[in-house]
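Note that the structure is predicted; figures quoted are calculated from it, not measured. The chains referred to below are lettered A, B, ... by the order of the sequence lines, with proteins before strands, and numbering in each begins at 1.
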Protein chains: 2
Amino acid sequence: MTGTSGAVRVVLLEDDAPLRERFVGILSAWGGGELVAACATLEQALVALDQHPVDLLMADLNLPDGHGIEAIRRLRQRHPDADAMVISVLADDETVLAAIEAGAVGYLLKDADSIELVEAIEELRAGRSPISSSIARILVRRMNKPAEDPAGPALTPREMEILRGIAKGFTYTELAEWLNMSRQTVPVHIKNIYRKLAANNRSEAVYEASKRGLLRL
Amino acid sequence: MTGTSGAVRVVLLEDDAPLRERFVGILSAWGGGELVAACATLEQALVALDQHPVDLLMADLNLPDGHGIEAIRRLRQRHPDADAMVISVLADDETVLAAIEAGAVGYLLKDADSIELVEAIEELRAGRSPISSSIARILVRRMNKPAEDPAGPALTPREMEILRGIAKGFTYTELAEWLNMSRQTVPVHIKNIYRKLAANNRSEAVYEASKRGLLRL
DNA sequence: AAGCCCATACCATAAATAGGGTATCCAGCG
DNA sequence: CGCTGGATACCCTATTTATGGTATGGGCTT
């Protein structure tokens, strides 16, 4: 993962021939890398990843025969210490997040004025993450997103307390004592919670509440 | 949030006088901004944020009288549509994540060769996130880390299936049918799950499992 | 080969829950 | 000033859980 020894063994995956050739040229001119394979299809890349030792995968995502994320996944399986970087025009949230989750640690947009391939590789090897600013925004947005509450019927304060108690495994009686209310009142609140969360029992309610971020985990 | 009309009203927060003056100079030379305030302390910044309309806060984090994150929080309260960017030497995970969670959408390291202030502002106003690559790595690492399981007794595959069923509110009988097992076998697995998660009932188990990231929410 | 864990199966009982009603008090709102 | 909704309280019953045992076969590891 970290910038270790000598030449960086690179697998390049890019279906556009001119661009691929350009990348190959840049990598050849550079002294620090060894281009293991320059692939035009996902299939070729998967084979290359299986057959050679690899330190770095630079992959496009929209390929004629599949999705570059597959290559990233394969890389993580076969070469857990290698890095994966995306170079693509795709910048929608779903794609970007899927790529990052698949293990990509770098993500350059193709529309970047001039892709500084070598610089990006060196950043990567130094343990940093070269990422285009529009991609970075997606990540930032994602991190701050737990504060989402659409389609969420609000629970009353009392119901929130009950809900927290349920999550901690309290029984009716314990809940009643904890909140100083009648043991008979507890199930009323719980039933209201079920209605609002579209749940039919405690565990489902806790699950739904967790999913909607109503419980601090 | 998005780059809208004319001059960007900027509040600058930087305790180091030379650097602050440099930033002031850059912003003055630039045509697109209006420097609302150049603050040397957190206190000054909080006051400035309360008193003026603001589109952008550029803040250092380690301040003599407090933490710049406070300023970011204040910005989000008073000017929800404004952007916050961090310019700091701090790059530890905790600080970075706290800043992002507080609402920072940009984060430049001071050790960047030459901070392209104007360029960063324009990126920000265009809805992108200028972020130093070492900071970006922290975000990327964070996103992929839900796979953390310290102190977590692993559940068997069978137990995971049962757990998911519990979260969906299935009863013993439904669970048994769903997983094609005897109705009597179900509670055995459930009891094992309780033991491993230190829970005493379904809702507590779901809560613990959620907390430990065992359930995809 | 012995041991351990997982998965499977069954039985029985006490406790807890879900779901159905009904009713009072109070606060906010048109 | 009524109406509505939240919070409170009580009752009853069928269903579901939780928990205690006991036991067998398969698979993996030592």
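Across the helix from C:dA1-D:dT30 to C:dG30-D:dC1, the helix axis at one end is tilted relative to the axis at the other end by 60° (nearest 10 degrees, each axis from five pairs).
Residues forming a ring pair (Phe, Tyr, Trp, His ring centres under 6.0 Å) with B:Phe23 (at least two apart in sequence, or on another chain): none. The salt bridge (charged side-chain N to carboxylate O under 4.0 Å, His left out) search around B:Arg183 returns none, not counting sequence neighbours.
For the 3.5 Å distance criterion, the side chains of B:Ser203 and A:Arg202 fail to qualify, holding no donor opposite an acceptor.
Comparing A:Arg183 and A:Arg195 against DNA chain D, the residue whose closest nucleotide sits nearer the 5' end is A:Arg195. Of the two residues contacting DNA chain D, namely A:Lys196 and A:Pro187, the nearest-nucleotide position lying further toward the 5' end is that of A:Lys196.
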Per-nucleotide protein contact string for nucleotides 21-30 of chain D, where B marks a base within reach and S marks sugar-phosphate only (heavy atoms under 4.0 Å, - for neither): ----------
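Taking atom CD1 of A:Ile190 as the reference point, atom P of D:dA7 lies 14 Å away to the nearest angstrom. As rounded to whole Å, 8 Å separates atom C1' of D:dT16 from atom CZ of B:Arg202. Taking atom CZ on A:Arg158 and atom C1' on D:dG5, their separation rounds to 16 Å, with Å as the unit.
Contact between the side-chain N/O atoms of A:His189 and the OP1/OP2 oxygens of D:dG6 is not found at any separation under 4.0 Å. Taking side-chain N and O atoms only, A:Thr185 has a distance below 4.0 Å to OP1 or OP2 of D:dA9.
Of all nucleotides in DNA chain C having an atom under 4.0 Å from a heavy atom of chain A, the first and last in 5' to 3' order are C:dT17 to C:dG20.
Within residues 161-173 of chain B, the residues that have a heavy atom under 4.0 Å from DNA chain D are, in order of number, B:Phe170, B:Thr171, B:Tyr172.
Here B:Asn192 lies out of heavy-atom contact (under 4.0 Å) with every strand.
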